Amino acid sequence: MAAPAASSERLGDLLVREGLITREQLEKALQEQRQSGTRVGYNLVKLGFIPETELTKMLARQHKMPAVDLSKFEVDPRIAKLIPGDLAIKHLVLPLKRDGRTLTVAMADPTNLGVLDDLKFITRYDIFPVIGGEFTLKTVIEKLYETAVDTQVADLMSVIDDMGGEDIEVLEEKEEDVSAAALSAQMDDAPVVKLINAILTDAVKRGASDIHFECFEHDIRVRYRIDGALQEVMKPPMKLKAALISRFKIMAQLNIAERRVPQDGRIKLKMPKKVIDYRVSTLPTLFGEKIVLRILDKGNLTLDLEKFGIEPKAEKDLMEAVSNPYGMVLVTGPTGSGKTTTLYSALSKVNNIDVNIMTAEDPVEYNLYGVNQVLVRTEIGMTFAAALKAFLRQDPNIIMVGEIRDLETGGIAIKAALTGHMVLSTLHTNSAPETVTRLMDMGLEPFNVASALNLVLAQRLLRRICSNCKVQYTPSAEEFDVAKVRADTTLRSLRFQQETIDNAKIKATKEAMPLLQSVTLDTPVMQLPFFKGKGCDSCNGTGMKGRQGVYEVMPMSPNLRRLILQSVGAAEIKDAAVDEGMLTLRMDGWVKVMKGITTLEQVVRETSA
């Protein structure tokens, strides 16, 4: 139903003519309108110049529409759900009752005829509009829709109290975009602010590395990545989708009007005793933008390689390579495998007052004192290659390049390594030997690669067995089949060396140590100690808690350099490196299983035979 024709006389003049307000009171209401943008009628009620019931009656006469006294009306929450909360708040409309195919809706602005068509389309009902007092309507809408949200996030809200939520503060630069700043101010009092603060703080408390906010056709999903695995934590109401996305983007200082292309930003959140950085990435999907936040908690940054689980020989080889005055050290592995943390750890060991360390990163994840860190920005021409060229004119001792992606970057890095600089970088390959062939596939000359490389390290992260519910068990024949090893295969057949077994006995967990003492190179794998987690409250029933690194460290020996010069394949380089004592990722995984740190299933999932 469309609204009837209205009187052409303005509301303020009509009220003055009827003697309900004075001309001076109208002038004050109009001044308030110019300052705040609120309507004249709302200002008259707020300033106490006229009762809201009288104003509503006058609006009903002016627009020839029925009026309703909302203070005497109890709204059914089930009826309220027919209209999305963001629409109700924006246009000040509220569904009151449903009668067959007709929905009665209270509205503050009877001239807003466009919203009636929107409501008809959204609800699939015929709309019967009535006039409600704007002042009361705002209060009822905020209370009604805020209650719906609060019931969904009650558990998360307790997190803010536990962590001193009143001290949480978003640290952001002043936003120049007026419209974005105005939108941010409008959303400050909305329940969405509480919800987002709760999600951000709860993720930190649970030790999550990422937050995934995903939009689907009929619901929204929030998941945390904890110890490498995603866990669903809640499903916010669909009506909050637009507000949640906008709030995330405002906090990250992104363009809230741009929904067609991916955007990247950062949020800095001040919590009690620490500041947390969130790296924000948005991606347009079919039903809305997906937002992923990478949590960068400097308080959790550990720079001790031994705590990551690197074996003694591998750590010794790595530190010797990094301590050289020149050459190249490469760390490889998939995204999220801890490559940057390993490089930071290596840099921290050589970060002295007498060396100039320069890094080019995309993005800069952690700030390191004493290290000159440069943010790569491809869109303005500040690429890895451009940064590297600039570094060479800055008298560097040690250069770290976030990633070698192309021939140009690789060529400059090789030249830098050959001209008296120590170069550290990352690459995306599956193993250390494959890194060598990858560099040559890029177009780099074998003699340059052989001369420049000091060491290549490949790594993965495995989930640790929960220490509270760890139990010993015997793997089934199927598990050995999946691992592509026979149950009667000995450690010697797997090409282990005695030094590795001896180190494992020293560093094993307390449950595995006594069982490991009788293990020799001729022990079949089926006689090794195997453990798993039963599941408890501490690990949320998963049996796994925390993560552990597995490493494949290949130092360059004269024999390996000779093989590289001959342009041999990765398989031959791997065989030669294993003969010289290198542990492959799968072999290092077996060591972690022997020590009682992880499960055979985890090793098979993350490494190749």
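Note that this is a predicted model, so its numbers are computed, not measured. Position 1 is the first residue of the sequence, and the numbers go up from there.
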Under the criterion ring pair (Phe, Tyr, Trp, His ring centres under 6.0 Å), I'd like the reasoning laid out for Y473 against F531: C-alpha separation, chi angles, the key distance, then a yes or no.
CA-CA 6 Å; Y473 84 110; F531 295 89; 8.5 Å; no
Test F391 against N372 for side chain to side chain contact (heavy atoms under 4.5 Å, CB included), laying out the working first.
CA-CA 10 Å; F391 287 176; N372 302 286; over 6 Å; no
With a 6.0 Å cut-off (strictly less than), is the heavy-atom count around NZ of K505, excluding the residue itself, greater than 12?
yes
How about K574 and D579: do any of their side-chain heavy atoms sit closer than 4.5 Å?
no
Atom CZ in F447, atom CD1 in I414: separation rounded to 0.5 Å?
10.0 Å
Side chain to side chain contact (heavy atoms under 4.5 Å, CB included) between K268 and V275, intermediate numbers included:
CA-CA 7 Å; K268 188 173 281 191; V275 174; 3.3 Å; yes
Straight-line distance of N559 CG to E580 CD, nearest 0.5 Å
5.5 Å
So, the side chain of D406 versus the backbone of T409: is there a donor-acceptor pair under 3.5 Å, distance only?
yes
Taking Q231 for the side chain and I226 for the main chain, is one N or O donor matched with an acceptor at less than 3.5 Å?
no
Heavy-atom closest pair (M400 atom, Y344 atom, distance to 0.1 Å) is CE-CE2, 4.1 Å
Indicate yes or no: at least one non-hydrogen side-chain atom of D264 is less than 4.5 angstrom from one of V280.
no
To check you understand the geometry: which heavy-atom pair defines the closest contact between R561 and L453, and what is its length?
NH1-O, 2.8 Å
Can you find a pair of side-chain heavy atoms, one from F213 and one from I245, that are under 4.5 Å apart?
yes
Let me confirm one number: the CG-CG distance from D317 to L457, rounded to the nearest 0.5 Å.
10.0 Å
Using side-chain heavy atoms (C-beta onward) and a distance below 4.5 Å, is F384 in contact with D362?
yes
Donor-acceptor contact below 3.5 Å, side chain N397 vs main chain N356:
yes
So T474 and Q527, side chain to side chain contact (heavy atoms under 4.5 Å, CB included) or not? Walk me through it.
CA-CA 9 Å; T474 303; Q527 293 180 18; over 6 Å; no
Going by distance alone, is a donor N or O of one side chain under 3.5 Å from an acceptor N or O of the other, for S431 and E434?
yes
Tell me, yes or no, whether the heavy-atom count around Y326 atom OH, taken from other residues, nucleotides or ligands under 6.0 Å, exceeds 12.
no
Exercise: do K545 and S538 side chains pair donor with acceptor under 3.5 Å
yes
For the side chain of R586 and the backbone of T607, is there at least one donor-acceptor N/O pair under 3.5 Å apart?
yes
Is the backbone N or O of D522 less than 3.5 Å from a side-chain atom of T520, with the two atoms forming a donor-acceptor pair by type?
yes
Would you say M234 and L195 make side-chain contact, with heavy atoms under 4.5 Å?
yes
Residues E601 and T599: side-chain donor-acceptor under 3.5 angstrom:
no
Under the 3.5 angstrom rule, does the side chain of T490 hit a backbone N or O of T523 as a donor-acceptor pair?
no
So V292 and I211, do their side chains get closer than 4.5 Å, heavy atoms only?
no
Are there more than 12 heavy atoms of other residues, nucleotides or ligands under 6.0 Å from atom NZ of K415?
no
Does E499 offer a backbone N or O that forms a donor-acceptor pair with the side chain of N503 under 3.5 Å?
yes
Which heavy-atom pair separates P236 from L244 by the least distance, and what is that distance?
CB-CD1, 3.9 Å
Side chain of R486, backbone of T489: donor and acceptor closer than 3.5 Å?
no
So does D575 get a backbone contact from the side chain of R495, meaning a donor-acceptor N/O pair under 3.5 Å?
yes
Look at E511 together with K470 and state whether they make a salt bridge at an N to O cut-off of under 4.0 Å.
yes
Validation row: L516, P529 side chains within 4.5 angstrom (heavy atoms)
yes
Is a salt bridge present between K595 and E311, judged by a nitrogen-to-oxygen distance below 4.0 Å?
yes
Establish, from distance only, whether the side-chain atoms of N324 and E320 form a donor-acceptor pair under 3.5 Å.
no
Does the side chain of Y224 come under 3.5 Å of the side chain of D202 through a donor N or O and an acceptor N or O?
yes
How far apart are the closest heavy atoms of G596 and I465, and which atoms are they?
O-CD1, 4.0 Å
How long is the span from the CG atom in L318 to the NZ atom in K349, to the nearest 0.5 Å?
8.0 Å
Does any part of the side chain of T598, heavy atoms only, come nearer than 4.5 Å to the side chain of Q548, both counted from C-beta?
no
Atom CD1 in I501, atom CZ in F496: separation rounded to 0.5 Å?
6.0 Å
Pair K290, E214 - check salt bridge (charged side-chain N to carboxylate O under 4.0 Å, His left out), show working.
CA-CA 5 Å; K290 172 170 180 174; E214 301 161 305; 3.2 Å; yes
For the residue pair Q459 and S337, confirm or rule out a side-chain donor-acceptor distance under 3.5 Å.
no
State whether the side chain of S451 and the backbone N or O of N448 hold a donor-acceptor pair below 3.5 Å, judged by distance alone.
no
Between Q373 and E361, a side-chain donor and acceptor under 3.5 Å
yes
Looking at R294 and D210, does any basic side-chain N land under 4.0 Å from a carboxylate oxygen?
yes
Give the minimum heavy-atom separation between L293 and I267, together with the two atoms involved.
CD2-CD1, 4.0 Å
Cut-off 3.5 Å, side chains only: do E403 and S425 have a donor facing an acceptor?
no
Identify the heavy atoms of H428 and G333 that sit nearest to each other, and give their distance.
ND1-O, 3.3 Å
Could you walk me through whether K532 and L600 pass the side chain to side chain contact (heavy atoms under 4.5 Å, CB included) test, one step at a time?
CA-CA 9 Å; K532 66 179 179 180; L600 183 57; over 6 Å; no
Rounded distance (nearest 0.5 Å) linking atom CG of L528 with atom CG of L515:
10.5 Å
